[in-house]
Number of protein chains: 2
Amino acid sequence: MAPLTDFYQLTMAYGHWRAGRHRLPAAAELFFRRGPFRGAFALAAGLAEGLRCLRAFRFSAADVAYLRSVLPSTTEDAFFDYLATLDASEVTVSAVPEGSVVFARVPFLQVKGPLLVVQLLETMLLCLVNYASLVATNASRFRLLAGPDMKLMEIGLRRAQGPDGALSASKYSYIGGFDCTSNVLAGKLYGIPVRGTIAHSFIMSFTSLEEVQPRELLPLAGGEPVDLPALAKSLLQRVCELLQTPPEKTNRGELAAFVSYAISFPHDFQGLLDTYCVRRSGLPNFCAVALALHQLGYRAVGVRLDSGDLAQQSKEIRRVFRACGAHFQVPWFETIPIAVSNDISEQSLEEFSREGSEIDMIGVGTNLVTCPLQPSLGCVYKLVEVNGSPRMKLTEDEEKMTIPGIKTIYRLYDAAGHPFMDLMALEEEPLPSAGQELAIRVLGRLGETSKVCEPLPSLPEVRSHAQVSLSLLSPAHRRLHEPQPYPVAVTERLHNLLTELRQATQ
Amino acid sequence: MAPLTDFYQLTMAYGHWRAGRHRLPAAAELFFRRGPFRGAFALAAGLAEGLRCLRAFRFSAADVAYLRSVLPSTTEDAFFDYLATLDASEVTVSAVPEGSVVFARVPFLQVKGPLLVVQLLETMLLCLVNYASLVATNASRFRLLAGPDMKLMEIGLRRAQGPDGALSASKYSYIGGFDCTSNVLAGKLYGIPVRGTIAHSFIMSFTSLEEVQPRELLPLAGGEPVDLPALAKSLLQRVCELLQTPPEKTNRGELAAFVSYAISFPHDFQGLLDTYCVRRSGLPNFCAVALALHQLGYRAVGVRLDSGDLAQQSKEIRRVFRACGAHFQVPWFETIPIAVSNDISEQSLEEFSREGSEIDMIGVGTNLVTCPLQPSLGCVYKLVEVNGSPRMKLTEDEEKMTIPGIKTIYRLYDAAGHPFMDLMALEEEPLPSAGQELAIRVLGRLGETSKVCEPLPSLPEVRSHAQVSLSLLSPAHRRLHEPQPYPVAVTERLHNLLTELRQATQ
């Protein structure tokens with residue numbers, strides 16, 4: 001993994017090495033400057049992946065040969081020999097647990113070790129943490145908007161930045177609160193539940209009922225096999241009468257596709273309704289096949305809509321299901337799950353709840369995996385101490401300034417259990433004491449150093465941790481639009497250091 | 001690569017297999033519905049990668065075991081045995097050459113083969129083509145805005161969707177017209193030029209000139225080694241006098257970092273000016289070190305700015321370089337390249353040229369790799385023919401309708417050599433004849449089938465092809481804002497088929 005870095009890390013590494021500074025003790029911190037998506041919080045993720053890559057951090061012989069070909073020819077040979085021996089074994093990393101709620105300006109990953117290695121790790125750690133945290137946070141926002149009962153499915157494979165981007169999207173959306181993914185490889189690699197039934201292409205590949213093969217289905221309770229196309233066709237007639245829609249407007253290829261799929265998966269039949277016309281074709285065809293399945297003892301698992309006004313259609317479909325359920329005396333028809341997809345965004349979810357939709361499951365692709373509201377989290381990784389002395393960056397952009405020194409982070413909770421402030425102190429400061437007028441309690445310490453010890457928490461454990469972290473947030477900080485800014489404090493001593501360094505450099 | 005797919009592709013595959021339809025001849029086409037970034041064109045990319053993955057398309061025993069665990073338990077064993085034998089050897093793919101200009105609604109990749117495999121390839125091909133084409137197009141827009149002489153560098157590694165997303169970004173930005181990347185791994189894997197010098201962290205890791213080790217540099221022409229910190233310090237005095245800035249406001253750690261870097265890379269010294277104050281510290285320190293290098297026969301390679309008003313500062317810096325060049329009689333000082341970074345967007349480039357900046361090189365990260373103006377290209381892959389009969393999707397969203405049948409695409413050029421129309425015809429139609437009143441010429445045929453024959457064109461060849469394709473575009477179609485819509489036509493016969501199928505399904 002070591003060559004996964006920006007080239008300037010290597011020119012700087014040579015600079016440090018040549019100056020004999022490469023083994024100076026150093027510390028860096030990783031944080032973001034503004035809450036993503038204009039919210040107050042983010043979920044920290046990608047940390048476990050970062051640890052794994054740290055262990056694999058090495059330059060192979062081929063890597064070193066490549067670097068020799070691109071670094072200036074004046075670079076000394078001994079430097080390349082040194083690179084070949086490098087690893088991250090002298091580096092200590094401290095971080096919040098994967099899936100924790102974190103806030104702007106507060107470091108959530110700290111790295112200590114020899115200057116050269118601490119510096120070289122920057123790009124790799126940022127690359128692994130930035131997108132992971134962004135998409136986990138994005139997913140958590142969809143979850144907060146959808147409420148706890150809505151099924152949320154990640155379907156962004158074809159819209160992500162290639163295979164690996166898509167796998168990250170699946171994994172970190174799951175951590176953020178999604179229930180399942182369409183991505184088979186993500187299911188296989190990470191054990192995330194996978195879901196999916198049919199696409200328009202399947203329906204379009206049929207033109208008539210003659211094409212349905214095989215045609216018979218055994219009733220669930222046993223008995224003679226039934227000709228499902230014939231049964232569905234006769235039921236379609238009755239459904240069309242009930243719905244007062246002309247049978248000749250139903251598409252026969254669509255009916256054939258539904259019947260064929262139902263014969264293949266009698267326990268898992270879902271109808272995709274909008275290949276042709278939802279009301280005149282998709283819906284009656286679905287009802288006919290679902291009723292046919294019912295006569296054989298099976299239950300359809302749902303319908304899906306992929307175009308048009310989804311909230312409006314879901315209500316109309318629910319009315320039809322209720323009418324069919326009553327007319328054909330099939331009570332479960334009323335509660336057939338309605339799934340939707342098609343460019344679903346946070347705004348769509350807000351509209352669904354405003355319009356009182358009848359939607360039970362939502363597939364989110366592009367707007368989940370590409371995070372268009374803010375396509376990058378913008379985490380940074382800053383040196384805060386070298387050789388025992390604190391460092392800071394003073395610049396003309398106030399926002400780009402850093403807070404010097406190795407810090408310990410305290411999160412302060414109010415009486416209701418909501419975090420109300422993160423407090424940064426210098427590592428050498430004593431623990432702040434509890435029991436003051438604001439009933440301050442010290443919960444977590446970032447600065448604790450420990451060996452990386454597998455097993456890291458499992459994906460479902462991280463997912464639960466994320467949901468618990470989110471549930472602890474006060475509503476004012478959790479809300480997605482114009483949240484109350486989350487206060488971050490520094491101790492008196494850290495403030496003095498900041499002022500001192502600022503004066504020294506001006 | 002076969003499990004890199006949406007789960008519904010596998011449930012549909014079972015549906016086709018169970019119905020004995022899996023080997024029906026089928027054809028699908030890949031296209032996008034709207035030009036990305038509100039432009040008229042896109043660059044097609046990811047096609048070579050698609051071909052490579054097609055060759056590797058196979059389900060391993062572990063893949064099949066996983067699928068057995070997630071498909072409904074009613075799925076027949078023989079289906080899994082069949083999956084284990086699948087590959088893409090019966091599939092024919094036709095596409096435009098990698099890096100070609102393509103337009104909305106016109107297929108640029110066509111797949112023919114057995115229905116089941118053609119369908120299974122959908123997600124993988126979309127995943128590989130969508131982002132690749134999007135980021136190549138985005139890069140080409142930056143190139144068009146920057147003009148041919150500006151150096152453009154891709155620096156998005158830390159903001160991409162993980163390592164693989166970042167590698168795709170580097171590769172396809174290069175195709176789109178960028179000159180180099182910061183991503184060392186992309187350099188190693190693809191041979192893209194890599195660049196980079198120093199970051200703020202390097203500068204912040206120094207506090208005084210005492211830390212500079214070694215301190216001496218040999219003059220280029222030979223002779224006695226020179227104490228560079230001492231020489232730079234004395235020149236700094238003279239530079240500050242010239243610039244009328246107080247020497248005590250220059251940061252000593254910054255000077256030390258510059259001197260140390262210059263000793264390490266005397267032929268490749270670039271100063272990063274904004275760690276402290278550009279005007280009072282970064283710029284005088286840089287000039288002092290560059291002048292010291294000059295006395296020893298070396299030339300500095302440039303400066304970089306990473307904050308503030310970049311265009312304005314570049315002009316101020318150029319004035320200082322001119323003043324120093326004249327005062328110290330160092331003519332090359334006037335033309336020291338000025339590089340900038342910091343959230344550069346299309347809008348930034350427009351501002352730079354509006355303000356007449358003195359910028360020579362631009363690093364683009366987030367706004368290049370995450371494509372925030374449109375984070376997904378939205379390519380689709382649609383079945384257009386099954387078993388010899390054309391298919392189309394009619395839906396309530398007009399935009400989601402497809403054009404049926406296997407097509408041949410003609411691109412028509414005007415007398416000035418600009419493409420003015422893409423024409424779709426049914427594959428079996430005769431070639432349109434040239435020499436009509438609009439001087440129509442047929443240039444390329446998409447429909448030609450051929451074996452995949454390595455070697456595919458090299459990355460630089462593809463990059464040139466992209467630039468040539470772009471240069472052929474008429475200015476009306478090339479412009480980035482409110483371009484003239486590019487016309488796409490169908491033949492009379494294709495139009496008739498469309499009408500016929502539409503009537504048949506309504």
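Lettering of chains follows the sequences in order, A, B, ..., and the numbering in each one begins at 1. Worth saying up front: this structure is predicted, and the values here are computed from it rather than measured.
With a threshold of 4.5 angstrom between heavy atoms, B/Thr75 approaches chain A through side-chain atoms but not through N, CA, C or O. The contact between A/Val386 and chain B is made entirely by side chain atoms (from C-beta outward), counting heavy-atom distances below 4.5 Å. Contacts of B/Asn387 with chain A are absent, with no heavy-atom separation under 4.5 Å from either backbone or side chain. Interface remark: A/Tyr66 contributes side-chain atoms only to the contact with chain B (heavy atom separation under 4.5 Å). With a 4.5 angstrom heavy-atom cutoff, B/Leu67 touches chain A only via side-chain atoms. A/Tyr261 touches chain B through its side chain: at least one heavy atom from C-beta onward sits under 4.5 Å away, while N, CA, C and O do not. For B/Gln9, the part sitting under 4.5 Å from any heavy atom of chain A is the side chain, from C-beta outward, and nothing else. At a 4.5 Å heavy-atom cutoff, the contact between B/Cys379 and chain A is made by backbone atoms alone. Of the atoms belonging to B/Glu122, it is side-chain heavy atoms, and not backbone ones, that fall under 4.5 Å from chain A. In this structure, the portion of A/Thr74 lying under 4.5 Å from any heavy atom of chain B is its side chain and not its backbone. Residue contact with chain B, scored on non-hydrogen atoms closer than 4.5 Å, involves the backbone and the side chain of A/Ala62 alike. Neither the backbone nor the side chain of A/Glu254 comes within contact range of chain B, judged by heavy atoms closer than 4.5 Å. Heavy-atom distances place no part of A/Glu385 under 4.5 Å from chain B, backbone and side chain included.
Side-chain atoms of A/Gln161 come within 3.5 Å of backbone N or O of B/Val369 as a donor-acceptor pair. Between the A/Thr11 side chain and the B/Thr197 main chain, a donor and an acceptor come within less than 3.5 Å of each other. Between the side chain of A/Arg18 and the main chain of B/Ile263, a donor-acceptor pair closer than 3.5 Å is present.
Between chain B and the residues A/Asp63, A/Val70, A/Ile155, the most heavy-atom pairs under 4.5 angstrom are made by A/Asp63. Ranked by heavy-atom pairs under 4.5 Å with chain A, the list B/Gln374, B/Gln213, B/Arg215, B/Glu49 is led by B/Gln213. Chosen from A/Leu24, A/Leu126, A/Asp6, the residue pairing most often with chain B at heavy-atom distances under 4.5 Å is A/Asp6. Highest contact tally toward chain B, considering only A/Ala132, A/Gly46, A/Ala257, A/Gly378, is held by A/Gly378 [criterion: heavy-atom pairs under 4.5 Å]. When each of A/Thr5, A/Asn130, A/Leu125 is checked for heavy-atom pairs under 4.5 Å with chain B, A/Thr5 comes out on top. Counting heavy-atom pairs closer than 4.5 Å to chain A, the top residue among B/Pro214, B/Gly20, B/Ala26, B/Ala65 is B/Pro214. Ranked by non-hydrogen atom pairs under 4.5 Å with chain A, the options B/Ser73, B/Ala160, B/Cys127 are led by B/Cys127. Most heavy-atom pairs under 4.5 Å with chain A, from the set B/Gly187, B/Ala166, B/Ser168: that is B/Gly187.
In terms of heavy-atom proximity, B/Leu157 sits nearest to A/Thr123 at CD2-CG2, 3.2 Å. The shortest heavy-atom contact between A/Ser60 and B/Lys188 is OG-NZ, 4.3 Å. Residues B/Ser376 and A/Thr366 share a closest heavy-atom pair of CB-CG2, 3.4 Å. The minimum heavy-atom distance between A/Ser260 and B/Gly15, with the atom names listed, is OG-O, 4.3 Å. The minimum heavy-atom distance linking B/Phe7 with A/Val194 is given by the pair CD1-CG2, 3.7 Å. Shortest non-hydrogen contact noted between A/Gly162 and B/Asp164 is C-OD2, 3.9 Å.
Judged by the 6.0 Å distance and 45° axis criteria, A/Arg158 is not positioned over the aromatic ring of B/Tyr381. In this structure, B/Arg21 satisfies the cation-pi test against A/Phe206, with its NZ or CZ atom closer than 6.0 Å to the six-membered ring centre and inside 45 degrees of the ring normal.
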Run the side-chain contact (heavy atoms from CB on, under 4.5 Å) test on A/Phe202 and B/His16 for me, step by step, so that the C-alpha distance in whole Å, both residues' side-chain angles and the decisive distance to 0.1 Å come before the verdict.
CA-CA 8 Å; A/Phe202 184 84; B/His16 288 314; 3.4 Å; yes
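Atom-to-atom distance recorded for B/Leu185:CG and A/Met124:CE is 12.0 Å, nearest 0.5 angstrom.
The shortest side-chain heavy-atom distance between A/Pro163 and B/Leu128 falls under the 4.5 Å cut-off. Residues A/Tyr8 and B/Arg195 fail the side-chain proximity criterion, which asks for heavy atoms closer than 4.5 Å. A/Val184 places none of its side-chain heavy atoms less than 4.5 Å from the side chain of B/Leu4. By the 4.5 Å heavy-atom criterion applied to side chains, B/Lys382 and A/Ser201 are not counted as neighbours.
For the residue pair B/Arg391/A/Ser205, the side-chain donor-acceptor check at 3.5 Å is not satisfied.
Listed by chain and residue number, B/His267 satisfy the ring pair (Phe, Tyr, Trp, His ring centres under 6.0 Å) test with B/Tyr298 (two or more places apart in sequence, or in another chain). Residues passing the salt bridge (Lys or Arg N to Asp or Glu O under 4.0 Å) test with A/Arg304 are A/Asp306, sequence neighbours excluded.
In this structure, the ring of A/Tyr14 has its center less than 6.0 angstrom from the ring center of B/Phe265.
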